[in-house]
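This report refers to the structure that appears directly beneath it.
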Amino acid sequence: MSNFTATREKDYSAWYNEIVTKAGMAENSAVRGCMVIKPDGYAIWEKMQRVLDDKFKETGHVNAYFPMFIPKSFFSKEASHVDGFAKECAVVTHYRLKNDPNGKGVIVDETAKLEEELIVRPTSETIIWHTYKGWIQSYRDLPLLINQWANVVRWEMRTRLFLRTTEFLWQEGHTAHATEKEAIEETEKMLDVYADFVRDYMAIPVIKGIKTHNERFAGAVETYCIEALMQDGKALQAGTSHFLGQNFAKAFDVKFTNKEGKLEHVWATSWGVSTRLMGALIMSHSDDNGLVLPPKLAPTQVVIVPIYKNDEELAKISTIANEIVKELKTQGISVKFDNRDTYKPGWKFAEYELKGVPVRIAIGPRDADNGTVELARRDTKEKKSVAREGIATYVNNLLNEIQQSLYDIALERQTRLTSEANTWEEFEQLINEKGGFVAAHWDGTTLTADKIKDLTKATIRCIPLDSAKTQGKCILTGAPSEQKVLFAKAY
RNA sequence: CGGGGUGUAGCGUAGCCCGGUAUCGCGCCACGUUUGGGACGUGGAGGCCGUCAGUUCGAAUCUGGCCACCCCGACCA
């Protein structure tokens with residue numbers, strides 16, 4: 001079976017680390033907190049990028065690229081923005097090295113000090129709004145709908161592969177609008193794009209909501225988010241979409257002349273998802289034997305493993321395998337025929353299980369004679385003999401079935417792990433023993449949210465968009481509350 | 001950044017208390033036999049024991065500094 005040592009039950013985080021490294025997704029690098037995304041991991045990220053990029057284009061956005069360095073002074077222009085990011089910024093102070101006159105190696109050349117330090121972007125609002133000032137004069141220049149794929153750096157205390165790394169890859173959309181209404185619509189639209197993507201491609205259900213005041217993006221008027229639940233009952237913020245109001249337009253003096261000839265500040269949004277989604281993907285579906293990938297994001301959806309004793313048999317099986325490859329490819333299925341003679345079938349089975357390939361086809365001499373193949377699905381480990389005739393259609397249906405099944409299981413888990421608490425005792429017990437989302441009344445104050453966090457480690461993940469307003473009393477203070485919010489322990 | 005733990009071959013480890021340059025498994029290489037769930041045999045290669053300094057005739061082992069990683073806190077996508 002697998003050579004896994006960790007299990008989800010015994011040590012969830014050890015299990016996660018082991019999956020990431022053993023399945024060849026990523027590894028720690030020579031730079032603290034920064035990871036190397038390996039080819040098998042990067043291939044998944046590329047698939048995500050492609051799908052998301054298409055969705056952005058479909059909704060009218062275009063890509064551009066802004067510098068990774070931001071003049072320090074830009075940061076202080078929006079007060080809450082600098083407050084939010086100041087503690088985690090990498091700063092470039094010099095631009096030259098020289099040989100160490102006292103010995104070996106190189107040292108920073110102190111004479112090459114920058115006039116103004118550069119900040120390695122933790123996000124690009126400031127440089128982008130500085131630039132937009134030059135691009136926007138009239139309502140005719142609006143809306144401006146731009147996305148960029150980039151790396152950003154946030155100097156985190158504690159890092160975990162994909163979930164929180166010092167440098168990470170993401171996309172950040174930055175849009176400018178003539179009206180508040182249009183900007184809010186954009187914010188909500190992009191949240192839906194994210195939610196749909198995560199549901200339809202990653203097979204993960206999410207809760208759409210808005211963040212409370214203190215969980216809001218630094219500089220945003222409102223932060224919308226999608227929250228997903230992992231197998232261990234902890235929540236993961238999977239994406240955010242911010243309505244920035246006129247905060248950045250004011251900070252960077254971006255005005256436009258409206259149809260009435262009056263000068264107004266523009267309305268802004270920004271939205272992003274990152275390589276953190278890789279962590280969500282891995283944690284949502286995988287099991288104690290390794291990675292489980294939803295077919296829509298699996299770089300290789302089907303692998304064919306030949307079983308043979310001699311060249312003659314291999315030749316015969318290869319002919320069949322190559323035909324199947326061709327048939328699957330015409331259906332748009334990505335398939336790999338692993339005819340390496342350097343590994344045995346059993347080894348390959350275990351390897352592809354570890355790597356999460358959704359469907360495996362094994363073809364041996366008996367299959368060649370009987371006109372069958374052995375089909376195994378990664379998610380359920382189910383194996384069955386299937387007629388070689390019509391295999392492409394069969395596999396296509398199976399891939400869809402797996403995709404759906406992964407989602408169904410994740411949805412069932414989310415439903416099972418979502419509870420309501422009406423008393424503090426109930427709340428504590430649910431958070432500590434059951435985990436997952438707990439809906440409860442909250443008095444709306446940061447003080448109470450902080451106290452609840454101190455007592456239980458649970459935070460308010462969001463105020464769900466679709467929940468009805470109900471009168472009640474705050475779970476902790478008993479003060480009146482108009483709506484239940486979702487609590488959970490989070491990543 | 002605080003508390004705890006770990007660092008020995010590509011990976012996982014024994015040795016450390018009681019100083020004498022290193023154990024075992026997997027992997028790797030060669031040859032042969034094998035191939036329907038991580039094959040077996042025989043032979044072989046690979047380690048200045050995280051790093052720097054100190055103690056000592058002699059350090060993986062003792063002492064100190066540093067670095068990295070893991071776990072728990074504070075912070076966060």
Side-chain angles (χ1 to χ4, degrees), chain A residues 1-6 11-14 16-18 21-22 27-35 83-89 122-123 152-172 194 211 214-218 220 223 225-228 235-242 270-280 289-290 305-311 313-314 317 339-354 360-370 372-374 376 381 383 385 450 453-454 457 459 461 490-491:
Chain A
M1 289 304 255
S2 81
N3 54 1
F4 254 68
T5 55
D11 189 343
Y12 194 82
S13 62
Y16 173 78
N17 287 332
E18 212 169 322
T21 51
K22 287 198 173 158
E27 64 186 40
N28 282 308
S29 70
V31 184
R32 179 216 272 271
C34 294
M35 65 180 165
D83 280 352
F85 287 105
K87 294 158 304 215
E88 51 192 62
C89 286
T123 179
V152 288
V153 166
R154 295 181 188 176
W155 217 263
E156 300 289 350
M157 295 291 178
R158 235 175 110 189
T159 59
R160 298 199 59 192
L161 293 168
F162 290 119
L163 298 174
R164 177 169 297 106
T165 46
T166 299
E167 178 192 26
F168 56 96
L169 306 184
W170 78 344
Q171 60 63 220
E172 46 182 327
Y194 290 154
K211 286 291 187 189
N214 53 322
E215 300 256 340
R216 224 173 259 159
F217 174 75
T223 287
C225 64
I226 50 174
E227 293 282 331
L236 181 82
Q237 180 174 304
T240 49
S241 184
H242 315 289
S270 70
W271 27 272
V273 293
S274 71
T275 36
R276 178 177 241 205
L277 286 179
M278 292 284 297
N289 293 306
V305 177
I307 295 153
Y308 57 92
K309 287 197 169 65
N310 50 52
D311 287 350
E313 280 181 1
L314 176 61
I317 288 160
N339 60 358
R340 287 177 298 175
D341 193 36
T342 44
Y343 293 97
K344 294 183 57 178
W347 190 92
K348 291 177 186 173
F349 291 176
E351 182 71 2
Y352 291 114
E353 250 161 46
L354 175 62
R360 182 186 72 228
I361 296 175
I363 310 170
R366 287 205 298 277
D367 291 307
D369 292 342
N370 301 339
T372 57
V373 298
E374 183 197 74
K381 301 288 213 61
K383 281 198 287 201
S385 186
D450 286 346
K453 189 184 174 184
D454 284 348
K457 290 176 189 164
T459 51
R461 302 320 304 155
Y491 275 97

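All chains are named by letter (A, B, ...) in the order of the sequence lines, taking the proteins before the strands, and each is independently numbered beginning at 1. Note: hydrogens, waters and symmetry copies are ignored here, and every other heavy atom, side chains too, is used.
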State, to 0.1 Å, how close [X] and [Y] come at their nearest heavy-atom pair, and which atoms those are.
X: A/Val152; Y: A/Pro122; value: CB-O, 3.7 Å
X: A/Tyr491; Y: A/Leu163; value: CD2-CD1, 4.0 Å
X: A/Ala490; Y: A/Thr459; value: CB-OG1, 4.2 Å
X: A/Leu236; Y: A/Ala280; value: CD2-CB, 3.3 Å
X: A/Thr159; Y: A/Gly33; value: OG1-CA, 3.5 Å
X: A/Arg340; Y: A/Tyr308; value: O-OH, 4.2 Å

When the [atom1] atoms of [N] and [M] are considered, how many whole Å apart are they?
N: B/G7; M: B/A14; atom1: C1'; answer: 15 Å
N: B/G32; M: B/U23; atom1: P; answer: 30 Å
N: B/U61; M: B/G50; atom1: P; answer: 8 Å
N: B/C49; M: B/G12; atom1: C1'; answer: 16 Å
N: B/U35; M: B/A39; atom1: P; answer: 12 Å
N: B/C24; M: B/U13; atom1: C1'; answer: 8 Å
N: B/U34; M: B/A22; atom1: P; answer: 40 Å
N: B/A60; M: B/C48; atom1: P; answer: 12 Å

Should [N] form a Watson-Crick or G-U wobble pair with both distances under 3.5 Å, which nucleotide is its partner?
N: B/C31; result: B/G41
N: B/G2; result: B/C72
N: B/U23; result: none
N: B/U51; result: B/G65
N: B/G36; result: none

Compare all side-chain heavy atoms of A/Asp450 with those of A/Asn214 and state whether any distance is below 4.5 angstrom.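 Yes; the side chains approach each other to less than 4.5 Å.
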A/Arg360 side chain reached by A/Val305 side chain, heavy atoms, under 4.5 Å: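 A/Val305 vs A/Arg360: side chains touch.
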Produce a footprint string for nucleotides 67-75 of chain B: one letter per nucleotide, 5' end first; B if the base is under 4.0 Å from any protein heavy atom, S if only the sugar-phosphate is, - if neither. -SSSSBBBB
Show each protein N/O and nucleotides 8-13 of chain B N/O combination with a separation under 3.5 Å, one pair to a line.
none

Could you check how far [atom1] of [X] sits from [atom2] of [N], rounded to whole Å?
X: A/Tyr308; N: B/G37; atom1: OH; atom2: P; answer: 15 Å
X: A/Lys309; N: B/U33; atom1: NZ; atom2: P; answer: 16 Å
X: A/Asp311; N: B/U35; atom1: CG; atom2: P; answer: 14 Å
X: A/Ile307; N: B/G37; atom1: CD1; atom2: C1'; answer: 9 Å
X: A/Glu313; N: B/U35; atom1: CD; atom2: P; answer: 9 Å
X: A/Glu374; N: B/G36; atom1: CD; atom2: P; answer: 11 Å
X: A/Asn310; N: B/U34; atom1: CG; atom2: C1'; answer: 12 Å
X: A/Ile317; N: B/G36; atom1: CD1; atom2: P; answer: 11 Å

How would you label the contact of [X] with the nucleic acid (heavy atoms, under 4.0 Å): base, sugar-phosphate, or nothing?
X: A/Thr166; answer: nothing
X: A/Ser274; answer: base
X: A/Leu236; answer: nothing
X: A/Glu351; answer: base
X: A/Phe168; answer: base
X: A/Arg340; answer: nothing

Would you call the rings of A/Tyr343 and A/Trp347 parallel, tilted or perpendicular, where under 30° means parallel and over 60° means perpendicular?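 Parallel.
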What distance separates A/Met35 CE from A/Thr21 OG1, expressed to the nearest 0.5 Å?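 One finds 13.0 Å between CE of A/Met35 and OG1 of A/Thr21.
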What about A/Lys383, does its side chain sit under 3.5 Å from the base of B/G37 through a donor-acceptor pair?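 Answer yes: a donor N or O sits under 3.5 Å from an acceptor.
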What residues, two or more places apart in sequence or in another chain, satisfy side chain to side chain contact (heavy atoms under 4.5 Å, CB included) together with A/Leu169?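 Per chain and number, A/Leu169 pairs via side chain to side chain contact (heavy atoms under 4.5 Å, CB included) with A/Ile37, A/Tyr42, A/Trp45, A/Asn151, A/Thr275.
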Answer yes or no: is there an ion pair linking A/Lys211 with A/Glu227, defined by an N-O contact shorter than 4.0 Å?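 Yes.
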